[in-house]
Every structure is written in structure tokens, then in C-alpha cells.
Amino acid sequence: MRVTRKYRFSASHRLHAPSLSDAGNEELYGKCNNPYGHGHNYEIEVSARGPVEERSGRVIDPRALDRLVEEQVLQAFDNKNLNAESAVFHNVVPTTENLAREIHRRLQANWRAAFPAPWPVLDKIRIAETPRNIFEVSENEQA
């Protein structure tokens, strides 16, 4: 069974690759290359899967998942300028693809501390930047 919980956070970023010229960045990223950046109200979905536990009747303890997401995602990114306030994006363009990969990496790296049993497992991360731009990273698709 898969269980999904939603979370929201706001952050700003500027899409700008230091290896490109100003004209190259403008051509590649358009309005998202605004020197002052721009913000999004991100909505993320964290999905876990596993069997329904006999004792609790649940797949996952939602409070434990909430704590993990709070510590690893919300504290790191909510109300932040990703370019300036997140070390991971000092040398990596903070596209939402890269943000999704970083969220997945953080949760996966800390998953067993929150959920020490074999189940549940982190199944996927889904992040909506806008109603039209949605990105997913799953356990089998970490490219």
C-alpha cells in the first residue's frame, strides 16, 4: 500500500548557471533568470509504501513522517532564498528538478533513523512548483 502526505513551503530562487554568459542564461531560463529572483509556493507530496502493520492498522506513523519532513525539508527551505541560503544550491542551479532530487536525498538519508524497521520505505517525492509544473523523484528514478 502507498500512503502520501502533503506539505507546503515557500521559497525564492533565481535560475542562473555561472558557467553561462548573461545572454546564455537569459536565453535558457527567460524570466526565471530575473536578477532579483522570484518565488513559489511549493507543494510537496511524500509517499511511503509498505504493508499495513497488524498492531496499528497503518502503513506509516504520520507524526514520525511529519517530524522528518519538518527537520529535513521545511527547516531547510521554507521562506528561504535557495540561491543564497541553501549551501547545496551555491554551485547547483536551484531548478525544481534539482530541488526535488535534494529533498529526496535528504529524506532517504534520514529515513531509517525515523523508520528503523524494514517497512515503510520512501517511495517517491512529488513537488508542484505551479499548477502546471510538477516533478517526481521515485526510488527507482534518481537520475
Side-chain angles (χ1 to χ4, degrees), residues 1-20 24-143:
M1 182 173 288
R2 178 181 294 133
V3 175
T4 302
R5 284 184 65 85
K6 289 185 179 184
Y7 303 89
R8 291 178 177 80
F9 68 93
S10 299
S12 65
H13 64 172
R14 178 187 186 202
L15 301 187
H16 185 86
S19 61
L20 298 176
N25 273 292
E26 174 65 31
E27 181 180 328
L28 182 61
Y29 297 118
K31 67 182 181 178
C32 295
N33 182 245
N34 178 337
Y36 302 105
H38 63 282
H40 295 285
N41 293 314
Y42 294 100
E43 182 174 278
I44 62 171
E45 297 177 6
V46 178
S47 297
R49 66 180 166 77
V52 175
E53 184 184 65
E54 185 77 24
R55 183 177 61 86
S56 69
R58 302 186 303 190
V59 171
I60 194 166
D61 176 353
R63 293 172 301 168
L65 182 58
D66 291 350
R67 279 191 300 275
L68 180 63
V69 171
E70 175 65 32
E71 292 168 2
Q72 296 301 318
V73 179
L74 303 181
Q75 288 178 13
F77 302 124
D78 192 23
N79 293 307
K80 301 283 193 315
N81 176 319
L82 298 178
N83 301 77
E85 297 178 78
S86 180
V88 72
F89 294 118
H90 286 170
N91 298 312
V92 173
V93 180
T95 61
T96 304
E97 292 92 334
N98 284 331
L99 180 59
R101 290 190 332 178
E102 178 61 14
I103 289 169
H104 186 274
R105 186 196 69 73
R106 288 169 169 263
L107 293 177
Q108 188 65 52
N110 293 281
W111 191 263
R112 284 296 158 226
F115 305 102
W119 297 103
V121 296
L122 178 61
D123 190 47
K124 73 177 179 179
I125 303 301
R126 188 169 197 249
I127 182 169
E129 174 187 74
T130 69
R132 293 179 58 194
N133 294 335
I134 300 164
F135 308 84
E136 282 188 13
V137 178
S138 68
E139 190 58 28
N140 299 323
E141 302 167 347
Q142 295 183 41

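These numbers come from the heavy atoms of this one structure, side chains and all, not from hydrogens, waters or symmetry mates.
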Q: Is there a side chain to side chain contact (heavy atoms under 4.5 Å, CB included) between Leu65 and Tyr7? Walk through the geometry before answering.
A: CA-CA 11 Å; Leu65 182 58; Tyr7 303 89; 3.5 Å; yes

Q: Please check this pair: side chain of Asp123 against backbone of Arg49, looking for a donor-acceptor N/O pair closer than 3.5 Å.
A: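 Absent.
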
Q: Applying the side chain to side chain contact (heavy atoms under 4.5 Å, CB included) test to Leu15, which of Asn34, Thr96, Asn98, Thr95 qualifies?
A: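 So the option named by the test is Thr95.
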
Q: Donor-acceptor pairs under 3.5 Å, side chain of residues 71-78 to any protein atom, not counting sequence neighbours: which ones?
A:
{"unit_1": "Gln72", "atom_1": "OE1", "unit_2": "Asn110", "atom_2": "ND2", "d": "3.1"}
{"unit_1": "Asp78", "atom_1": "OD1", "unit_2": "Ser10", "atom_2": "N", "d": "3.0"}

Q: Contact between Phe115 and Leu122 at the side-chain level, heavy atoms closer than 4.5 Å - yes or no?
A: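 No; the side chains remain at least 4.5 Å from each other.
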
Q: Rounded at 0.5 Å granularity, tell me how far NZ in Lys31 sits from CD in Glu26.
A: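 Answer for the NZ-CD pair, Lys31 versus Glu26, is 12.0 Å.
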
Q: Which heavy atom of Ala128 sits nearest a heavy atom of Ile134, and at what distance?
A: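 Minimum heavy-atom contact is CB-CG1, 3.9 Å.
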
Q: How long is the straight-line distance from CG of Asn133 back to OG1 of Thr130, given to the nearest 0.5 Å?
A: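 One finds 3.5 Å between OG1 of Thr130 and CG of Asn133.
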
Q: Which distance, rounded to the nearest 0.5 Å, do you find between the CD1 of Ile125 and the CZ of Arg105?
A: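 Between atom CD1 of Ile125 and atom CZ of Arg105 there are 12.5 Å.
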
Q: Just by distance, do the side chain of Arg58 and the backbone of Asp61 share a donor-acceptor pair under 3.5 Å?
A: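 A pair under 3.5 Å: no.
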
Q: Mind running side chain to side chain contact (heavy atoms under 4.5 Å, CB included) on Asp66 and Arg5 for me, showing each step along the way?
A: CA-CA 9 Å; Asp66 291 350; Arg5 284 184 65 85; 2.8 Å; yes

Q: If you round to the nearest 0.5 Å, how far is NE2 of His104 from CD of Glu136?
A: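 Reported value, rounded in 0.5 Å steps: 11.0 Å.
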
Q: Measuring from Asn25:CG to His16:NE2, what's the distance to the nearest 0.5 Å?
A: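 Here the interatomic distance stands at 4.5 Å.
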
Q: Determine whether Thr4 and Val46 make a side-chain contact, defined as any pair of heavy atoms from C-beta on separated by less than 4.5 Å.
A: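 SC-SC contact between Thr4 and Val46 ruled out.
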
Q: Under a 4.0 Å threshold between the charged nitrogen and the carboxylate oxygen, would Glu85 count as salt-bridged to Lys80?
A: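 A salt bridge is absent here (no side-chain N lies under 4.0 Å from a carboxylate O).
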
Q: Looking at Pro120, is its backbone amide N or carbonyl O close enough to the side chain of Trp111 to form a donor-acceptor pair, meaning the two atoms are under 3.5 Å apart?
A: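 Such a contact is found between Trp111 side chain and Pro120 backbone.
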
Q: Would you check if Leu99 and Leu82 make a side-chain contact, meaning some heavy-atom pair closer than 4.5 Å?
A: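 Yes; the side chains approach each other to less than 4.5 Å.
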
Q: Can you see which heavy atom on Leu68 is nearest to which on Ala114, and at what distance?
A: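 That would be CD2-CB, 4.2 Å.
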
Q: Quick check on Glu70: does its CD atom have over 12 non-hydrogen neighbours (other residues, nucleotides or ligands) under 6.0 Å away?
A: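 Counting neighbours around CD of Glu70, more than 12 heavy atoms of other residues, nucleotides or ligands fall under 6.0 Å, so yes.
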
Q: Does any non-hydrogen side-chain atom of Ile44 lie less than 4.5 Å from one of Lys6?
A: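 The answer is no, as the side chains (C-beta and beyond) never meet within the 4.5 Å cut-off.
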
Q: If I compare all heavy atoms of His90 with all of Ala84, which pair ends up nearest, and what's the gap?
A: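 Taking every non-hydrogen atom into account, NE2-O, 3.4 Å.
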
Q: Which atom pair, heavy atoms only, marks the closest approach of Trp119 to Gly50?
A: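 Minimum heavy-atom separation between Trp119 and Gly50: CE3-CA, 3.4 Å.
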
Q: With sequence neighbours excluded, give me every ring pair (Phe, Tyr, Trp, His ring centres under 6.0 Å) pair touching residues 28-72.
A: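 Those involving residues 28-72 are Phe9-Tyr42, His13-His38, His13-His40, His38-His40, His40-Tyr42.
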
Q: Is the backbone of Arg14 close enough, under 3.5 Å, to the side chain of Asn83 for a donor and an acceptor to pair up by distance?
A: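 Flag set: sc Asn83 to bb Arg14 pair under 3.5 Å.
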
Q: So, does Arg112 use its side chain to make a donor-acceptor pair with the main chain of Pro118 at under 3.5 Å?
A: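 Yes, the answer is positive, given that a donor and an acceptor are paired below the 3.5 Å cut-off.
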
Q: Are side-chain heavy atoms of Val137 and Phe135 found at a separation under 4.5 Å?
A: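 Not in contact.
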
